Amino acid sequence: MTGARFILGLDFGGDGERRLRQRVAAAGLRLATDEPGRIIAVAPGTRVIGLAERGCVIGSLFAPGTPQALDTVSASASAAILGSSGQHLIQAYWGDYIAVLHRGEEVVLVRGPFGRLPCLLVRQQSGWIAASDIDALRLGGAPPFSLDTDAIARQLIAGDLRRNATCLTGIEEMRGGDRVTVTKGAIVRERIWTPWTFAAPARRIDDQAEAERRLRDQALACVARRTHAAAKPLLLLSGGLDSSIVAASLAAAGRDFACLNLTTLNPAGDERGYARAVAARINRHLVERDMAEGFPDIVRLAAVRLPRPVARSFEQHAYGLALEQAAALGCDALVDGGGGDNVFCSLQSASPAADCLLDLQGRPDFWRLCGDIGRLAETSRWTVAWRAFHRSRRARQPSHWPTDLRFLHIDAKPLAATAIDHPWLDEDALALPGRAGHIAMLVAAQGYAEDGPHGTKHNAISPLVAQPLIEHCLRIPSWHWFANGRNRAAARRAFAALLPTEVAWRESKGSPDSLLARLFETNRALLRDHLGDGLLATARIIDRDAVIAAIDDPRPAHGTGFGRILQLADTESWARGVADPGEAA
């Protein structure tokens, strides 16, 4: 499988266009559009669907009822897409795409919600460059990259939340579901897809059995379509609910695939028993490997060419092991259950119970729900009820997004005030805290999907983070996501007949913490040098003295601080790799 890649040059002028043509030809890209003021170049294997010579869709586009990505759309569909400036595209289709629509002297760009094909934008003299990745921007003639130290600090503070501004000065990114109109003078952003549309009361599915049947159907369809181009995928089967649902979906589609379980061999991260049960149920080959096997230099793994420091070394290592195993088994793509927690509402708070107090339809479920949440959170039903009451009194307050100020320099900490801006968090028109909590989880899933393929994850597919499945899950009342002391209950019930009972209703969840602790312990000296004299310390993003004190603490790794230190080391690796491309080689 080949990932989509593109460069779009707008209003460069004669000499700029000529140089762009030369550069893309030398790089082996082909010109999909070549006309004065508009050049689109794509990598071999990238799908391009023409829209009546007034635009195109780059990437994978799916329609309801079709088993694979489209190669064309009808004349009437093209007219609807162009006439609505892309609104029809988002309403009638889904996938990993960027649409480029010509509207007079303007160009309109539309990115699919939760699509894996990024779109970065940078001003270039009198025109603009849009591209799928930062190296494509550079190929398009973008000026040398420089680190935006404030943006890096904000990213460390906000974690999984992504802003339009990247961590490279002057480079912005389109969010999925956004429309950007590009003119000679500026770009205008509009939000044409929002999860709140599907969380509206008028769209809610109160029939629990019907909602779960549709959930199963949507999951089966999304997994089948997202993986259709892979002849034999390798599934990273952790044994958790989400990857197990993907396994059941692939098996239901009759796909030829193998399974890989990566374990830490520590009881907290050893899920082999669950993975074996799933593999036996679907009759597929399962390979087991120790995730700590052959761990290379951790300060280089995260030096991935992304516009933000969001690649993690331990994850890059895991997918590197998976790529090795895929090659050995003759598999041509990696598939995982990533983002399933977010899509299937893996909340652990009293907010859904607050929804029951605020919505008449939910009131009969209130006490049952307080009991389920109490069991999940290991607290009493009365405690949950009390917290739900107080949360319902603050229903119109914006959703709380967690921030992390640990080990940051005192100069960086005030940036927390602007680190968590995201339109979905500010759009709580329904004032239902449980709904808002689910959507906050989708903010994190958006980053997970929309960062796109990178590093050893270049050929990895997370099919549960798909627009149709997400839109359906938003229609399920928040109180239907809990049962038997578990969250994600609607998904558990939907797939109960296709999974072993001990997997469908398992309580525990694996954790990589033992591996992270081991990495920290065995690399203290390396981490000390890497962070002590690095770019983050020099830029006063991190508190060097606090970081060194934590690394030099003679006690065994404990708490959560060691994980944060490893994240900072990954950020340092990213910064060096972007500043000097040789670092990422």
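Computed from a predicted structure; not experimentally measured.
- Expressed to the nearest 0.5 Å, how far CD of Gln124 lies from CD1 of Ile129 amounts to 4.5 Å.
- Under a 3.5 Å cut-off, the side chain of Thr166 and the backbone N or O of Glu172 do not form any donor-acceptor pair.
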- Message: Applying side-chain contact (heavy atoms from CB on, under 4.5 Å) to Ser146 and Leu168, what does each step give before you reach the verdict?
- Response: CA-CA 6 Å; Ser146 60; Leu168 300 174; over 6 Å; no
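- Salt-bridge check for Asp135 with Arg305: passed, with a basic side-chain N closer than 4.0 Å to an acidic carboxylate O.
- Contact of the Ile39 side chain with the Leu31 side chain is registered, since non-hydrogen atoms from C-beta on lie closer than 4.5 Å.
- When atom types are taken as modelled, the side chain of His102 and the backbone of Val100 share no donor-acceptor pair closer than 3.5 angstrom.
- Asp332 places a side-chain N or O within 3.5 Å of a backbone atom of Ala231 that can act as its donor or acceptor partner.
- Using a distance-only test at 3.5 Å, with no hydrogens or angles considered, a donor-acceptor pair links the side chain of Gln155 to the main chain of Gly159.
- Salt-bridge check for Arg111 with Glu173: passed, with a basic side-chain N closer than 4.0 Å to an acidic carboxylate O.
- In this structure, Phe62 and Leu70 have side chains that are not in contact, with every pair of non-hydrogen atoms separated by 4.5 Å or more.
- Side-chain rings of Trp193 and Trp424 approach one another, their centers coming within less than 6.0 Å.
- In this structure, NE2 on His422 lies 10.5 Å from CZ on Arg163, to the nearest 0.5 angstrom.
- To the nearest 0.5 angstrom, Asp341 atom CG is 10.0 Å from Tyr448 atom OH.
- A 4.5 Å side-chain heavy-atom check between Phe145 and Ile171 finds at least one atom pair inside the cut-off.
- Across all non-hydrogen atoms, the minimal contact from Ala318 to Met291 is CB-CE, 3.5 Å.
- Contact annotation: the side chain of Arg289 never approaches that of Thr263 to less than 4.5 Å [non-hydrogen atoms, C-beta and beyond].
- Look at Glu471 and Arg475 and you find no salt bridge, because none of the NZ, NE, NH1 or NH2 atoms lies under 4.0 Å from a carboxylate O.
- In this structure a side-chain-to-backbone donor-acceptor pair under 3.5 Å is present from Thr183 to Ala186.
- The SG atom of Cys167 sits 5.5 Å away from the CD1 atom of Ile152 when rounded to the nearest 0.5 Å.
- Using a 3.5 Å distance cut-off with no hydrogens or angles, the side chains of Asn459 and Tyr319 do not pair a donor with an acceptor.
- A donor-acceptor pair is defined here as one N or O able to donate and one able to accept, closer than 3.5 Å; no such pair exists between the side chain of Arg214 and the backbone of Glu212.
- In this structure the side chain of Tyr274 never reaches within 4.5 angstrom of the side chain of Asn261, judged on heavy atoms.
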Which pairs would a plain distance check flag for residues 89-97, meaning a side-chain donor or acceptor within less than 3.5 Å of a matching protein atom at least two apart in sequence or in another chain?
| residue | atom | partner | partner atom | Å |
| --- | --- | --- | --- | --- |
| Asp96 | OD1 | Arg116 | N | 2.9 |
| Asp96 | OD1 | Arg226 | NH2 | 2.8 |
| Asp96 | OD2 | Arg226 | NE | 3.4 |

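- In this structure, Ser132 and Leu120 have side chains that are not in contact, with every pair of non-hydrogen atoms separated by 4.5 Å or more.
- With contacts defined as side-chain heavy-atom distances shorter than 4.5 Å, the pair Arg175/Pro113 does not qualify.
- For Thr418 and Arg154, the side-chain atoms include at least one donor-acceptor pair closer than 3.5 Å.
- Of the possible polar contacts, one joining the Lys232 side chain to the Leu329 backbone as a donor-acceptor pair under 3.5 Å is found.
- For the pair Arg300 (side chain) and Ser313 (backbone), a donor-acceptor distance under 3.5 Å is absent.
- The closest donor-acceptor contact from the side chain of Glu450 to the backbone of Gly176 lies under 3.5 Å.
- Although no hydrogens or angles enter the test, the distance criterion places a donor-acceptor pair under 3.5 Å between the side chain of Arg564 and the main chain of Asp404.
- Nearest heavy-atom pair, Ser238 versus Glu271, reported as atom, atom and distance to 0.1 Å: O-CB, 3.0 Å.
- A side-chain N or O of Gln316 and one of Thr456 form a donor-acceptor pair less than 3.5 Å apart.
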